[in-house]
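A short worksheet on the structure shown next.
Note that the coordinates shown come from a computational prediction; the quantities given were computed from them, not determined experimentally.
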Amino acid sequence: MSQTVCLALTGASGMPYGLRLIECLLAAGCRVQLLYSQAAQIVARQEMDFELPSRPAEARTALLARFNVAHPENLQVYGREEWFAPVASGSNPPDAMIVCPCTMGTLASIAQGLSDNLIERAADVVLKEGRKLVLVPRETPFSAIHLENMLRLSRAGAVILPPSPGFYQHPQSVQDIVDFVVARVLDQIGVGHTLMRRWGEAD
């Protein structure tokens, strides 16, 4: 059966990773529950020249128009205060959740168990229900506070996956670098892909 994956976009730099994840998850037949912060809208415009509307229904329409989606019903978009969304309750958690890109503020809130918005609540649900939570923090350098929050989350079961690309693939474009990171994220939640040649495989 296809997975249900909650994907949250926050206001860190790295929106190319987030949008590529949407595309790849839908192409793999996953059911995607998309959440995004107000700051993510700003970053999408700045980094991708992509207008991510404030209204979830309009955002869904814009994303479906951007990607060639075979099953548009697999994409659902929820507002930041939509507390009746499935991801808000442990009775209906997703199979996995990804926060990409993940701000240090979002990471800190999740580490402290805060649930002031739907992104934080969904992450809290995923952790307490023992599902896979992957955080892709885009910051450098990390302060001691950042590192302590990441360690706290790792001990709680989350995967901390900074977008650190490898170069043994001899990337020829920015897209190749993006795909390397996205491939590692997909590997963590068990979603198949052909984004990169695996180590030891023939050309």
Taking C-beta and beyond as the side chain, do M15 and F50 meet within less than 4.5 Å on heavy atoms?
no
Drop me the distance from R45's CZ to I42's CD1, to the nearest 0.5 angstrom.
6.5 Å
For residues S2 and R31, is any side-chain donor paired with an opposing acceptor at under 3.5 Å?
yes
Under a 3.5 Å cutoff, is there a donor and acceptor pairing between the side chains of T4 and Q33?
no
For G90 versus R121, what's the shortest heavy-atom pair and its separation?
N-NH2, 4.5 Å
Ignoring hydrogens, what is the shortest heavy-atom contact between L19 and F67? Give both atom names and the distance.
O-CZ, 3.3 Å
Hey, does the side chain of R138 reach the backbone of P163 with a donor-acceptor pair shorter than 3.5 angstrom?
no
Using distance alone, with no hydrogens and no angle criterion, decide if H193 and D187 have a side-chain donor and acceptor under 3.5 Å apart.
yes
Rounded to the nearest 0.5 Å, what separation is found between the CG atom of L133 and the CG atom of L161?
11.5 Å
Begin from the C-alpha positions of V87 and V126 and carry the test side chain to side chain contact (heavy atoms under 4.5 Å, CB included) through to its verdict.
CA-CA 8 Å; V87 294; V126 167; over 6 Å; no
Treat each ILVMFWY residue as a node, draw an edge where side-chain heavy atoms are under 4.5 Å apart, and state whether V32 and V99 are in one component.
no
Would you say that P162 contacts V136 through its side chain, given a criterion of any heavy-atom pair below 4.5 Å between the two side chains?
no
Can you name the nearest heavy-atom pair linking Y36 to A40, along with the distance?
CB-CB, 4.3 Å
Side-chain donor/acceptor of S109 to backbone N/O of E120, under 3.5 Å:
no
Measure across Y78 and A85 and return the closest heavy-atom pair with its distance rounded to 0.1 Å.
CD2-CB, 3.6 Å
How many angstroms lie between atom CG of D124 and atom CG of L114, to the nearest 0.5 angstrom?
9.0 Å
Around Q38, counting heavy atoms of other residues, nucleotides and ligands shown, do more than 12 lie under 6.0 Å from its CD?
no
What do the steps show when you test N149 against M104 for side chain to side chain contact (heavy atoms under 4.5 Å, CB included), and what is the final call?
CA-CA 9 Å; N149 285 332; M104 290 299 105; over 6 Å; no
Using a cut-off of 6.0 Å, state whether more than 12 heavy atoms not belonging to Q46 lie near its atom CD.
no
Is there a chain of hydrophobic side chains (I, L, V, M, F, W, Y, each step under 4.5 Å between heavy atoms) that links I110 to V134?
no
Within the 4.5 Å heavy-atom criterion, are L186 and L21 side-chain neighbours or not?
yes
Can you tell me if CZ on R184 sees more than 12 non-hydrogen neighbours from other groups inside 6.0 Å?
no
Supply the atom-to-atom distance I160 CD1 to L107 CG, rounded to the nearest 0.5 angstrom.
5.5 Å
Between CG on residue L153 and CG on residue L127, distance to nearest 0.5 Å
6.5 Å
Should I98 and M150 be regarded as members of a common hydrophobic cluster, given that ILVMFWY residues are connected when their side-chain heavy atoms come within less than 4.5 Å of each other, either directly or indirectly?
no
Is any side-chain heavy atom of Y17 closer than 4.5 Å to a side-chain heavy atom of V185?
no
Side-chain heavy-atom pair S37, T10 within 4.5 angstrom cut-off
yes
State yes or no: do L52 and L75 share one hydrophobic cluster built from I, L, V, M, F, W and Y residues joined by side-chain heavy-atom distances below 4.5 Å, directly or via other members?
yes
Could you tell me whether a side-chain N or O of R152 sits under 3.5 Å from a main-chain N or O of A111, the two making a donor and an acceptor?
yes
Go through H170 and D176 one step at a time and tell me if the side-chain hydrogen bond (donor to acceptor under 3.5 Å, both in side chains) criterion holds.
CA-CA 9 Å; H170 302 288; D176 288 344; over 6 Å; no
Quick check on the hydrophobic clustering: are F180 and L135 connected, directly or via other members, by side-chain heavy-atom contacts under 4.5 Å?
no
With a 4.5 Å cut-off on side-chain heavy atoms, are V5 and P94 touching?
no
Counting N and O atoms only, with roles assigned by atom type, does the side chain of Q169 sit under 3.5 Å from a partner on the main chain of R197, one being a donor and the other an acceptor?
yes
Can you name the closest pair of heavy atoms from S13 and V43 and give their distance?
CA-CG1, 4.3 Å
Please test N74 against V69 for side chain to side chain contact (heavy atoms under 4.5 Å, CB included), starting from the C-alpha separation and ending with a verdict.
CA-CA 9 Å; N74 282 349; V69 181; 5.8 Å; no
Interatomic distance, R131 atom CZ to I189 atom CD1 [nearest 0.5 angstrom]
13.0 Å
Would you say K132's side chain and Q188's backbone share a donor-acceptor pair under 3.5 angstrom?
yes
F84, CZ: over 12 other non-hydrogen atoms inside 6.0 angstrom
no
Measure across R20 and D179 and return the closest heavy-atom pair with its distance rounded to 0.1 Å.
NE-OD1, 2.7 Å
Around atom CG of L64, are there more than 12 heavy atoms of other residues, nucleotides or ligands at under 6.0 Å?
yes
How about T106 and T103: does a side-chain donor come under 3.5 Å of a side-chain acceptor?
yes
Min side-chain heavy-atom separation Q76-L34 under 4.5 Å:
no
If only atom types and distance count, is the side chain of E82 paired as donor or acceptor with the main-chain N or O of L118 below 3.5 Å?
no
